[in-house]
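Data first, discussion second: the structure below is written as structure tokens.
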Number of protein chains: 2
Amino acid sequence: MSKLTQKKERVKNPKGYSSIIIYEILRDEILSLDLAPCQPVDDASLAKRFNVSRSPVRDAMVRLVSESLLQTLPNKGTIVSPLRLEDFSKYIDALDIVQRTVSRLAAKFRNNENLELINKEQAIFASSVEANDILGMIQSNRDFHIAIAKAGNNRYFEKIYRELLDDGRRSLRIYFNSFDSHLPKNLISDHQLMIDAIKFQNLDLAEELAHEHTLQMQQQFLNYLGTLETSDIEININ
Amino acid sequence: MSKLTQKKERVKNPKGYSSIIIYEILRDEILSLDLAPCQPVDDASLAKRFNVSRSPVRDAMVRLVSESLLQTLPNKGTIVSPLRLEDFSKYIDALDIVQRTVSRLAAKFRNNENLELINKEQAIFASSVEANDILGMIQSNRDFHIAIAKAGNNRYFEKIYRELLDDGRRSLRIYFNSFDSHLPKNLISDHQLMIDAIKFQNLDLAEELAHEHTLQMQQQFLNYLGTLETSDIEININ
DNA sequence: ATTTTTTAAATTGTCGACAATTTGAACTTT
DNA sequence: AAAGTTCAAATTGTCGACAATTTAAAAAAT
């Protein structure tokens, strides 16, 4: 076959990027749902696809497993982790509490540098909305909220919040898809109100706005699911 | 050399345990502070020590890096992560908030199965204290608190709490070392009070007890550090 | 027809070697 | 002596092969 005769002049890849690149490609494909939940993923074919040996693929997969984006079924291969939408209300419960706490901490401890970063991220988010760039919106929305967490001046809480956001990345993908043409202008003004509350150190207001922000997201999300089918997801926030 | 002539009759290890075993050994050595913070750790010598190739050692190290127990200094090797005791008050801040939230959730949502597990873990903890077994105390104390988190019926919060506890494992080691001969009997009764508050669904009391529990730990810890040297750790809990 | 045994294939962890860098010391050159 | 260059050693990612299992399908025995 031409593929074999045309023997790739194997110039070894520049040291140590394959596994990182493969990790990022797979991660993006999983998060964008190009790789469907429960879809099998095996290192042999990935190695073929990326024209590398199994080692870098394995490394990438180990990392994805540790992030719970892949799931190993012992001796039965590896699959894209199932997306359990029935867990969504639990997720929102957790996100609500953490988000309120983080906002309150930010309002208390923020300094000028923090505020600058938050404003910067807000601007980036606004421009992704302007450009109707969904992937950009997801990324910059995340960065905006993490900037707030940073202002809380507690790296443990920042880590908790970041990991929780990361846990919800695929759900968030569905959430943003729900704005299929009419853009979420109000998200931008919501963010601005949060910035002001943090800037003026109004702890209670910052917490309340974070709470409303989460509720609104939940609302939008459930409405969207409701348009797909009658959902049996129950809400237990009070 | 005899080492070479005596050629190990390399019976390959039973499939796929070396890397897990090596991971556990290294983890325990790091947590018990046998491997000192900042101490260099290189795969070549570990491979020699465990009589395996670099691959399983590398896998174990990757995992430890992802848990922040090891730290990679690019092109300069890998070291045991520094133990930043100056972060301790931040850690306690975060632990306090999460612990209070988890206790409150547990008091609200606990069922009989949860209560049974909590009681079981409490019994195990009590017997480790009885036996003066520090490693056992650390483990069973963790399991006790995680049992409470489970009762909160929110896997996201459970994960947050577990990871936060894991983050503090080395600090906790120092904490338990501080009870060098007189055992923490009161920890047992504290736990019992928490169990009762959760059992009788007294949310406010459960939260308050969790708060006191954390404060007491902080107190004990700082006192202990104070006996070692004049500590510049500042407390900002209010 | 059901259970047991045998086998081939798939899965998965490990091996030893090697190659692309990077680092820092030794050696020039200015 | 300072700056630049060269080079061996250390670090680190990748390769292709292989071996220990597990799984499940095929074959044999009951």
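Lettering follows sequence order; numbering is per chain, from 1.
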**OP:** Scan B:L73 against the nucleic acid and name what it touches under 4.0 Å (heavy atoms): base, sugar-phosphate only, or nothing.
**Re:**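 Sugar-phosphate only.
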
Tell me the interatomic distance from [X], atom [atom1], to [N], atom [atom2], rounded to whole angstroms.
X     : N      : atom1 : atom2 : result
B:I22 : C:dC15 : CD1   : P     : 8 Å
A:D43 : D:dC15 : CG    : P     : 13 Å
A:I79 : C:dA10 : CD1   : P     : 20 Å
A:F50 : D:dC15 : CZ    : P     : 13 Å
A:I20 : D:dT14 : CD1   : P     : 8 Å
B:R58 : C:dC18 : CZ    : P     : 18 Å
B:L46 : D:dT12 : CG    : C1'   : 15 Å
A:Y17 : C:dA19 : OH    : P     : 20 Å

Original post:
Could you give the distance from CG (B:D167) to CZ (B:R162), rounded to the nearest 0.5 Å?
Top reply: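 Atom-to-atom, B:D167:CG and B:R162:CZ are 13.0 Å apart.
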
Subject >> Side-chain donor or acceptor of B:Y91 paired with backbone N/O of B:L164 under 3.5 Å >> reply: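 Yes; at least one donor-acceptor contact below 3.5 Å.
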
Subject >> Backbone N/O of A:N153 and side chain of B:K90: donor-acceptor pair under 3.5 Å >> reply: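 Such a contact is found between B:K90 side chain and A:N153 backbone.
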
**OP:** Establish, with yes or no, whether the OP1 or OP2 oxygen of C:dC15 is under 4.0 angstrom from a side-chain nitrogen or oxygen of B:R54.
**Re:**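 No, outside the criterion.
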
**OP:** Examine C:dT14: is either OP1 or OP2 under 4.0 Å from a nitrogen or oxygen in the side chain of B:S18? Give yes or no.
**Re:**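 So the side-chain polar atoms of B:S18 do come within 4.0 Å of the phosphate oxygens OP1 or OP2 of C:dT14, strictly under.
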
**OP:** Over all heavy atoms of both residues, which pair between A:R170 and A:V80 is shortest? Give the atoms and the distance, please.
**Re:**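 Taking every non-hydrogen atom into account, NH1-CG1, 3.5 Å.
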
Original post:
Among D:dT12, C:dT14, D:dC15, which is the nearest nucleotide to the side chain of A:V52?
Top reply: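 Of D:dT12, C:dT14, D:dC15, D:dC15 is nearest to the side chain of A:V52.
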
**OP:** Decide, yes or no, whether a salt bridge links B:D43 with B:R58 under the criterion of side-chain N to carboxylate O below 4.0 Å.
**Re:**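 Salt bridge: no.
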
Original post:
Which comes earlier along DNA chain D counting from the 5' end, the contact point of A:D59 or that of A:P74, where each point is its nearest nucleotide?
Top reply: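 First, find each residue's nearest nucleotide; the 5'-ward one identifies A:D59.
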
Subject >> DNA chain D: 5'-proximal contact among A:K76 and A:S55 (nearest heavy atom) >> reply: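 Result: A:S55.
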
